[in-house]
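Everything on this sheet refers to the single structure shown next.
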Number of protein chains: 2
Amino acid sequence: MTTIKPTPVSSATHDKATRAPLAQGAVRLSQPLLETIEEEIVTRQLAPGARLDETELAQRFAVSRTPIREALIQLASAGLVELRPRRGAIVAQVSPQQLMEMFDVMAELEAHCGRLAARRSTAEEQRELLAAHEACTESSNGLDPDRYFYLNERFHQILYRLSHNAFLEEQVRHLQRRLRPYRRLQLRVRQRVGHSFEEHRAIVDAIMAGNEVLAAEHLRTHIQIQGERFSDLMASL
Amino acid sequence: MTTIKPTPVSSATHDKATRAPLAQGAVRLSQPLLETIEEEIVTRQLAPGARLDETELAQRFAVSRTPIREALIQLASAGLVELRPRRGAIVAQVSPQQLMEMFDVMAELEAHCGRLAARRSTAEEQRELLAAHEACTESSNGLDPDRYFYLNERFHQILYRLSHNAFLEEQVRHLQRRLRPYRRLQLRVRQRVGHSFEEHRAIVDAIMAGNEVLAAEHLRTHIQIQGERFSDLMASL
DNA sequence: GTCAAACTTCTTGTATACAGGATTTGACGA
DNA sequence: TCGTCAAATCCTGTATACAAGAAGTTTGAC
């Protein structure tokens with residue numbers, strides 16, 4: 001009851017002169033915002049603890065606060081920003097402890113991807129994985145860690161797909177994204193790129209051999225090492 | 001069947017009435033909304049595929065569309081709601097295929113909880129787990145599945161905590177919540193409650209014995225069975 | 001000189017207004 | 001009767017307005 005009247009009056013109750021023209025085109029304004037902000041958090045352009053002022057972001061992206069808020073809420077759901085009631089949003093601060101925990105879960109999920117991939121992947125899919133692995137070759141000498149990082153990420157994403165479990169793939173990709181800045185950092189550790197490449201080789205072999213146990217074990221170790229290396233890195237600072 | 005068990009309040013919130021300016025006590029208006037809607041989705045009061053009209057919800061909760069939208073965005077991030085651009089929100093439809101995939105991931109995560117619990121839990125924590133298990137005794141005869149469901153959920157939640165991995169705990173609790181309606185359904189399968197209880201016994205034993213491998217294996221099976229029973233249930237309809 | 005209370009300013013949370021895509025309705029023709 | 005197209009309506013996405021909490025600043029007392 002007491003229906004809120006939308007007042008569909010067609011007569012001019014507003015002066016259109018002051019109305020800014022809506023920039024239509026994209027279905028959703030908050031989508032590109034979300035991606036841009038996420039990218040900046042992930043690449044550390046926005047450092048952990050940095051305040052995310054809604055008005056400021058709105059001006060920067062030339063939109064109103066509404067889509068900004070929606071993007072921030074989504075980022076908070078993803079764990080990338082922390083929303084403090086009435087006190088604004090900040091880039092989430094992840095403690096080393098939390099990070100270790102996340103790598104631990106990641107190791108389990110990737111191991112399971114490997115197990116399923118060994119069980120279910122087709123010959124063609126395996127060739128795809130092998131190709132992704134071989135694409136890493138030229139950048140595995142440690143001269144171009146950024147390029148290796150990118151190719152490495154692709155390799156893992158293909159692996160996820162080979163699990164033939166879309167939900168698992170989604171979850172693990174999400175976590176991969178959240179851990180991205182730390183993984184990237186960790187790749188700069190001496191010799192890590194070379195070892196990583198070798199580990200991939202063993203993983204591919206196990207999957208192509210259909211050896212579930214070995215595939216899972218190699219992957220678990222592969223990810224756990226990243227967590228450990230990262231913690232070494234932290235300790236050395 | 002399908003009796004909604006406890007239904008904790010969840011409907012005494014929209015008493016604001018009167019065109020009050022703003023007087024709010026709660027820090028955030030969207031928080032209780034979120035929880036209420038989530039509860040209704042989980043308990044199937046809002047069936048999969050049901051449209052979630054923003055204006056309608058706004059009227060029902062006596063708030064504006066803004067907090068409703070924010071709640072919907074969060075629900076979409078959690079996977080409970082599907083947001084179709086320009087076409088409104090609907091309760092997410094989960095296919096049997098997806099469900100199987102989710103149970104599969106759940107099995108892995110719980111297995112890992114069990115492994116970590118066996119490795120890290122203290123004697124006192126183990127007593128807590130045992131107590132939670134024994135609390136299930138009286139309702140394990142199958143006469144009161146709803147009560148067993150509740151106690152069973154508590155048992156698992158304690159287990160998650162014993163992993164001493166807060167991130168894992170959070171992730172697995174989240175998934176537990178998402179799978180809740182299906183787990184509940186599945187408990188009505190003949191004999192399932194009794195078997196579930198026995199499986200818990202084996203899990204507790206393995207954890208108290210510090211047997212990581214066995215704890216993980218029992219848990220994996222325990223959850224996988226649920227997925228399989230559910231798929232049997234689907235097939236029989 | 002330091003601390004605290006009051007005031008000011010800033011920023012968030014919610015409500016409302018409005019534009020344009022999506023859906024429905026209705027008329028017309030095959 | 002059914003299908004198609006156009007107009008009307010509904011509803012979402014975004015902008016803007018406004019109230020109240022939080023932070024910052026000034027002033028007053030001890």
Side-chain angles (χ1 to χ4, degrees), chain A residues 2-37 49-77 81-91, chain B residues 13-34 36-37 49-77 81-91:
Chain A
T2 67
T3 58
I4 298 166
K5 208 72 222 25
T7 346
V9 179
S10 55
S11 62
T13 56
H14 61 285
D15 50 325
K16 59 174 75 170
T18 57
R19 273 212 97 58
L22 285 185
Q24 292 299 337
V27 195
R28 246 202 207 134
L29 220 41
S30 65
Q31 204 56 37
L33 298 184
L34 177 72
E35 284 162 22
T36 306
I37 298 173
R51 289 204 69 236
L52 296 165
D53 188 286
E54 294 178 3
T55 312
E56 194 181 304
L57 288 169
Q59 285 182 1
R60 187 181 142 203
F61 289 104
V63 299
S64 79
R65 279 175 49 221
T66 309
I68 295 286
R69 295 201 102 230
E70 303 197 340
L72 289 180
I73 288 169
Q74 291 179 71
L75 289 167
S77 293
V81 316
E82 188 185 333
L83 246 44
R84 302 165 308 170
R86 283 266 172 213
R87 303 183 54 217
I90 58 173
V91 178
Chain B
T13 41
H14 37 64
D15 222 9
K16 288 294 184 298
T18 62
R19 201 108 287 279
L22 245 186
Q24 245 71 53
V27 199
R28 246 203 206 134
L29 220 42
S30 66
Q31 204 55 37
L33 299 184
L34 177 72
T36 305
I37 299 174
R51 288 206 70 237
L52 296 166
D53 188 287
E54 293 178 4
T55 312
E56 195 180 303
L57 288 169
Q59 286 184 3
R60 187 180 140 203
F61 290 103
V63 297
S64 78
R65 279 175 50 222
T66 310
I68 296 286
R69 295 201 104 230
E70 303 196 342
L72 289 179
I73 288 170
Q74 291 179 70
L75 288 167
S77 294
V81 158
E82 189 184 333
L83 246 44
R84 303 165 307 170
R86 283 264 172 214
R87 302 182 55 216
I90 58 173
V91 178

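Chain A is the first sequence line, chain B the second, and so forth, proteins listed ahead of strands; every chain is numbered from 1.
The distance from atom CD of A:Gln59 to atom P of C:dT12 is 12 Å, rounded to the nearest whole Å. What separates CD1 of B:Ile90 from P of C:dA22 is a distance of 16 Å, to the nearest Å. Put simply, CG on A:Leu34 is 15 Å from P on D:dG13, counting in whole angstrom units. Remark: P of D:dG13 and CD of A:Gln74 are 11 Å apart, rounded to the nearest angstrom. Rounded to an integer number of Å, the gap from A:Ile68 CD1 to C:dG13 P is 14 Å. We find that CD1 of A:Ile73 is positioned 13 Å from P of C:dT12, with the value rounded to whole Å. Between B:Glu70 atom CD and C:dT16 atom P there is a gap of 15 Å when expressed in whole angstrom units.
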Set out, line by line, the N/O atom pairs under 3.5 Å between protein and nucleotides 8-12 of chain D.
{"from": "D:dT12", "atom 1": "O2", "to": "B:Arg86", "atom 2": "NH1", "distance (Å)": "3.0"}

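Taking only side-chain nitrogens and oxygens, B:Ser64 comes nearer than 4.0 Å to OP1 or OP2 of C:dA15.
Residues B:Val81 and B:Ala89 share a closest heavy-atom pair of CG1-CB, 3.9 Å.
The shortest distance between side-chain heavy atoms of A:Arg51 and A:Arg84 falls below 4.5 Å.
Of the inter-residue distances, the one linking B:Leu33 atom CG with B:Leu72 atom CG reads 9.0 Å to the nearest 0.5 angstrom. For the atom pair CD of A:Glu70 and CD of B:Glu70, the computed distance is 7.0 Å after rounding to the nearest 0.5 Å. Expressed to the nearest 0.5 Å, how far OG1 of A:Thr36 lies from CZ of A:Phe61 amounts to 5.0 Å.
Each of B:Ile68, B:Leu83, B:Leu75, B:Val91 was compared with B:Leu52 under the side chain to side chain contact (heavy atoms under 4.5 Å, CB included) criterion, and only B:Val91 meets it. With A:Glu54 as the fixed residue, the salt bridge (charged side-chain N to carboxylate O under 4.0 Å, His left out) test singles out one of A:Arg69, A:Arg60, A:Arg87: A:Arg69.
The terminal axes of the helix from C:dG1-D:dC30 to C:dA30-D:dT1, fitted over 5 pairs per end, subtend an angle of 10° to the nearest 10°.
B:Glu82 meets the side chain to side chain donor-acceptor pair (under 3.5 Å) test with no other residue; sequence neighbours excluded.
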